[in-house]
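A quick write-up on the structure given underneath.
Treat the numbers as computed from the prediction; the structure is a model and nothing was measured.
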Amino acid sequence: MQLYPKLILDALAKVRYPGNGKDLVANEMIEDDIRIDGNKVSFSIIFDKPTDPFIRSVVKAAETAILTFVSPEVNIKGNIAVKARQTARPNPENPLPDVKNIIAVSSGKGGVGKSTIASNLAVALARQGYKVGLLDADIFGPSAPTMFNIEDTEVYTKNIGGRDLILPVERYGVKILSIGFFVRKNDAVLWRGGMASNALKQLIIDAAWGELDYFVLDLPPGTSDIHHLTMVQTLAITGAIVVSTPQEVALADARKGISMFTGDKVNVPILGLVENMSWFTPAELPENKYYLFGKDGGKRLAQETGVPLLGQIPIVQSICESGDAGHPVALDDTITGLAFKQLAEAVVKATEERNATKPSTQRVEVHK
């Protein structure tokens, strides 16, 4: 029996790849390394990913095709190698090895301005010369695309080190990714927990974040959301910032937020508390302060819980206007811009102190 490469390729052209229904040859899945040594035949099949679910079935089908359409005498079993165009994901224990500090911005309830704090904190850190990334992890209410005026921006991938990685959008010195880039802004996101969690993991692990000094996570509001669990299972979070407003109902939820992070199962250090909407200052009367939601509630909670008060952010109409216009107020040297500058400085100090006095945070392990 005379064997030659075309006989092998003709047989493999009869094997369909289940992922798209095309044959292996048409899919360009056969490596140009067919070797024939007497009756022994060897070659490689190339898959897009090392985790392709059809690897075993395709290899078995290829063996069967050669034995059926070439000759049952061919020595092929165990001689088909598997290669991947995309290399495996990084070590799950440390998926972002080039990121120094991961800061989670959380709130016990919605409506306290958590995303405004997260976005402006990221900008303020970047203005101080740090390399900063921002992940808008609020699956059901993404706001970063609006706050940074990048709603219509297309997101691309690039092959880096054998992996197709999502390229974050860069704006005001901050690398940004949001689920809002991948859904139409007027559509409700009706995803089950598993789908949403997988999307978040992909935005973390399969993105080209590169070297970062600070990776800011804008978490969904609440204290029992599955996405909080996804974050602490995927990343070793350096510390959490809890955002509240001064009134008692918000402070009660902030207490729950602090408790969630510091509990035995999660055990993420609290860097501090941010009191948002601390007072109202009219633009035309910058010296005046009107305490619409009570005075110093955040300061009292910080004293009660023993966590630092990182900053008090006033209500100024320009905050909302700037956010809606895609121009974070932290870019400007105004009263509020100064407040975010001071907040960024406080976060840096708290992070450095945390790193000097506490062991590294560990990911939450799930035992089945």
Give the ring-plane orientation class for Tyr172 versus His327, where under 30° counts as parallel, over 60° as perpendicular and anything between as tilted. perpendicular
If you draw a 6.0 Å radius around CG in Asp32, do more than 12 non-hydrogen atoms from other residues or ligands fall strictly inside? no
Considering only NZ, NE, NH1 and NH2 on the basic side and carboxylate oxygens on the acidic side, decide whether Arg255 and Glu304 come within less than 4.0 Å. yes
Under 4.0 Å between a Lys/Arg side-chain N and an Asp/Glu carboxylate O for Asp213 and Lys131? no
Take Phe47 and Asn27 through the side-chain contact (heavy atoms from CB on, under 4.5 Å) test and state the conclusion after the steps. CA-CA 10 Å; Phe47 294 84; Asn27 268 335; over 6 Å; no
Can any side-chain N or O of Asp136 pair as donor or acceptor with the backbone N or O of Ser143 at less than 3.5 Å? yes
Check for a donor-acceptor pair, side chain of Arg16 on one end and backbone N or O of Gly21 on the other, with a separation under 3.5 Å. yes
Verify the distance criterion only: is there a donor paired with an acceptor across the side chains of Thr305 and Arg300 at less than 3.5 Å? no
What about Ile46 and Val41, same hydrophobic cluster or not, with Ile/Leu/Val/Met/Phe/Trp/Tyr joined at side-chain heavy-atom distances under 4.5 Å? no
Strictly distance-based, threshold 3.5 Å: is any side-chain N or O of Asp52 a donor or acceptor partner for the main-chain N or O of Asp48? no
Which label fits Phe280 and Tyr290: parallel for a plane angle under 30°, tilted from 30 to 60°, or perpendicular past 60°? tilted
Could you check whether Glu275 pairs with Lys299 (Lys NZ or Arg NE/NH1/NH2 to Asp/Glu carboxylate O, under 4.0 Å)? no
I'd like to know if Arg127 and Asp333 make a salt bridge, using a cut-off of under 4.0 Å between side-chain N and carboxylate O. yes
Is the positively charged end of Lys14 above the ring of Phe69, judged by distance under 6.0 angstrom from the centroid and angle within 45° of the axis? yes
Examine Leu338 and Leu310 and state if one hydrophobic cluster contains both, with Ile, Leu, Val, Met, Phe, Trp and Tyr joined whenever side-chain heavy atoms are less than 4.5 Å apart. no
Only one of Asp10, Ile36, Ile30 passes side chain to side chain contact (heavy atoms under 4.5 Å, CB included) with Pro5, and that residue is Ile36
Does the pair Lys114/Asp218 count as a salt bridge with the N-to-O cut at 4.0 Å? yes
Run the side-chain contact (heavy atoms from CB on, under 4.5 Å) check on Ile315 and Asn276 step by step: do they pass? CA-CA 8 Å; Ile315 301 175; Asn276 194 27; over 6 Å; no
Any sub-3.5 Å donor-acceptor pair from Thr245's side-chain atoms to Val112's backbone N or O? no
Got a donor-acceptor contact below 3.5 angstrom from the Asp164 side chain to the Lys158 backbone? no
side-chain hydrogen bond (donor to acceptor under 3.5 Å, both in side chains) partners for Ser44, two or more places apart: Asp33
Does Glu345 pair with Lys341 as a salt bridge, N-O distance under 4.0 Å? yes
